[in-house]
Number of protein chains: 2
Amino acid sequence: MSLPHAILIALLERPSSGLELTRRFDRSIGYFWSATHQQIYRELGKLEAEGHIRALPAQQPARGQKKRYEVLPAGRAELGRWTAASQDPKPHRDAMLLRLRAAAVVGTAGLEADLRRHLDLHRLQLAEYQEIEKRDFPPGNDSAQARLQHLVLRAGIELETFWTQWLAEALAELPDAQPPVADDRP
Amino acid sequence: MSLPHAILIALLERPSSGLELTRRFDRSIGYFWSATHQQIYRELGKLEAEGHIRALPAQQPARGQKKRYEVLPAGRAELGRWTAASQDPKPHRDAMLLRLRAAAVVGTAGLEADLRRHLDLHRLQLAEYQEIEKRDFPPGNDSAQARLQHLVLRAGIELETFWTQWLAEALAELPDAQPPVADDRP
DNA sequence: GGTTCTTGTGCAACTAGTTGCATAATCCGT
DNA sequence: ACGGATTATGCAACTAGTTGCACAAGAACC
């Protein structure tokens, strides 16, 4: 039940319209809490009804018109409450690990292509994170806020690093597969 | 849509009743695909209706009676098909990362206790994985099946290792928190 | 020999997330 | 000005997962 809170964070960082939020969920926020535009619009409606956000006054509040939202004090309070509240870690579900375990029983036939594809996807994501790190977190900026944001980004970097290494190992385990192409970026 | 396949894997590894499956989902399989007993019973019903599994003939098929299931050829075929099919990686959602990002905006007050609690939980899980590794994968066993299973377990170990390190770093970032107690197991 | 505890099975309702489509406004070439 | 592409907003139906409870059978209590 965290989508509303993800939206509150995004809106606190910058008031936005539904579409702008959607774009930002495709980038930064979405890296660890993804959402589609349909979910976002639905949630914006609820958050407005609850008095946590409000639409900035616009010319005509009609369909197909941009509507920008900002967070109200009640919304900021709710976010603070949620952040501090104790929450159990959600159980993971990872289909690729499951498929490897299935492969131990029914064989590895047909797995190689998808392992390779996932490896490429994770390498791409890792490169994107490293790009962001270079751009937004040059050494020397040590404000508390920047350090926290950097910490979150580093989680992304380290997780993607893990997956690229693990998938490369998995490919090496396949009986008749070529070893994965080395990642020869600098 | 992978719960039915997780169940097929478990049943191929060993035919079981609903409750036995539930227990195994609390341990091994559940480490990367969790499920409650309600989900499992529902899915067993569907899998039986589809002809993927069948109940081993029992004395009285009454309520409150153990019923053991085994996988039929159609079920094994379906699992093979699913394992080889291309699947997009699911977008991640991690509430703790989201909370840290929220903390960058609304402050870190109240976070410390839960960070510490999660750190303990991950350390516990890591210890459990390492125990399993020591018990089930002594050096020298290099059958293809064992290597694949070990690979999956190592993913769990490395992910938990990452989280314990990351959470310790996060605690170190909190303004007025003590550093996390060192993990002084051997 | 009734009571309560534990084990095993299951339904129903709810919540969160996904997929597919609908609609309005605006921009842009002709 | 007209007609199609793009931008922006949104509803509805579906799927997957969670929560809460119900009920039957046997064990164990005493």
Side-chain angles (χ1 to χ4, degrees), chain A residues 1-8 10-11 15-26 29-30 32-50 53-56 58-69 82 87-95 98, chain B residues 1-8 10-11 15-26 29-30 32-50 53-56 58-69 82 87-95 98:
Chain A
M1 230 285 288
S2 317
L3 176 57
H5 302 101
I7 292 178
L8 286 173
L11 288 181
S16 309
S17 69
L19 190 70
E20 285 169 321
L21 277 179
T22 302
R23 293 204 209 294
R24 292 169 61 197
F25 269 79
D26 286 342
I29 300 262
F32 41 90
W33 203 277
S34 71
T36 61
H37 79 272
Q38 289 91 336
Q39 285 175 273
I40 290 169
Y41 282 117
R42 199 178 5 171
E43 225 40 71
L44 283 172
K46 282 192 208 170
L47 284 167
E48 191 176 23
E50 291 163 358
I53 62 174
R54 65 160 186 178
L56 292 172
Q59 296 77 318
Q60 314 107 283
R63 241 181 121 84
Q65 291 286 107
K66 256 193 197 183
K67 219 187 333 179
R68 297 171 66 80
Y69 291 91
W82 176 81
Q87 293 178 44
D88 286 332
K90 283 276 149 203
H92 342 123
R93 297 208 168 86
D94 189 288
L98 204 56
Chain B
M1 232 285 286
S2 317
L3 176 56
H5 303 101
I7 291 178
L8 287 173
L11 288 181
S16 310
S17 70
L19 190 70
E20 285 169 321
L21 277 179
T22 302
R23 293 204 209 292
R24 292 170 61 198
F25 268 80
D26 286 342
I29 300 263
F32 42 90
W33 203 277
S34 71
T36 61
H37 79 273
Q38 289 90 338
Q39 284 175 273
I40 289 169
Y41 283 118
R42 197 176 8 168
E43 224 40 71
L44 283 172
K46 282 193 209 168
L47 284 167
E48 191 176 23
E50 291 163 0
I53 63 175
R54 66 162 185 177
L56 291 172
Q59 296 76 317
Q60 314 108 284
R63 237 181 123 85
Q65 293 285 108
K66 257 194 197 181
K67 219 185 340 177
R68 297 170 66 80
Y69 291 92
W82 176 81
Q87 294 179 44
D88 286 331
K90 284 275 147 203
H92 344 121
R93 296 207 168 87
D94 189 287
L98 204 55

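Reminder, nothing fancy here: chain letters follow the sequence lines and each chain counts from 1. Bear in mind that the values here come from a model prediction, so they are computed numbers and not experimental data.
Across the interface with DNA chain C, nearest-nucleotide mapping of A:T36 and B:G18 shows B:G18 to be the residue nearer the 5′ end. For the pair A:H37 and A:W33, nearest-nucleotide mapping onto DNA chain C gives the more 5' position to A:W33.
Between the base of D:dG20 and the side chain of B:Q38 there is a donor-acceptor pair shorter than 3.5 Å. Counting distance only, with no hydrogens placed and no angle test, the side-chain atoms of A:R23 and the base atoms of D:dT7 include no donor-acceptor pair under 3.5 Å. Between the base of C:dT9 and the side chain of B:R42 there is no donor-acceptor pair shorter than 3.5 Å.
Closest contact between the side chain of A:Y41 and the listed nucleotides C:dG17, D:dA8, D:dG17 involves D:dA8. When each of C:dT9, C:dT18, D:dT9 is scored by its nearest atom to the side-chain atoms of A:S17, the top-ranked nucleotide is D:dT9. The side chain of A:L19 lies closest to D:dA8 when the candidates are C:dT18, D:dA8, D:dG10. Of the candidates D:dT18, D:dG10, C:dC11, the closest approach to any side-chain atom of A:P91 belongs to D:dT18.
If you measure from atom NZ of B:K90 to atom C1' of D:dT15, you get 10 Å, rounded to the nearest angstrom. In this structure, B:Q39 places its CD atom 11 Å from P of D:dA16, rounding to the nearest Å. Between A:L98 atom CG and D:dA16 atom P there is a gap of 15 Å when expressed in whole angstrom units. Per the geometry, CG belonging to B:L47 stands 12 Å off P belonging to D:dA16, to the nearest Å. Residue A:I7 contributes atom CD1, which lies 13 Å from atom C1' of C:dA16 at whole-angstrom precision. For B:E43 and D:dT18, the CD to C1' distance is 14 Å, given to the nearest whole Å. When rounded to the nearest whole Å, the span between NZ of B:K46 and P of D:dA16 equals 7 Å. Between B:I40 atom CD1 and D:dA16 atom P there is a gap of 16 Å when expressed in whole angstrom units.
Side-chain atoms of B:I29 and B:I7, non-hydrogen and from C-beta on, never get closer than 4.5 Å to each other. A:W82 places a side-chain heavy atom less than 4.5 Å from the side chain of A:Q87.
For B:R93 and C:dT18, the shortest distance from a side-chain N or O to OP1 or OP2 is below 4.0 Å.
One finds the OH atom of A:Y41 at 5.5 Å from the OG1 atom of A:T22 (value rounded to the nearest 0.5 Å).
With sequence neighbours excluded, no residue forms a salt bridge (charged side-chain N to carboxylate O under 4.0 Å, His left out) with B:E50.
Residues A:R24 and A:S16 have side chains that bring a donor and an acceptor to within less than 3.5 angstrom of each other.
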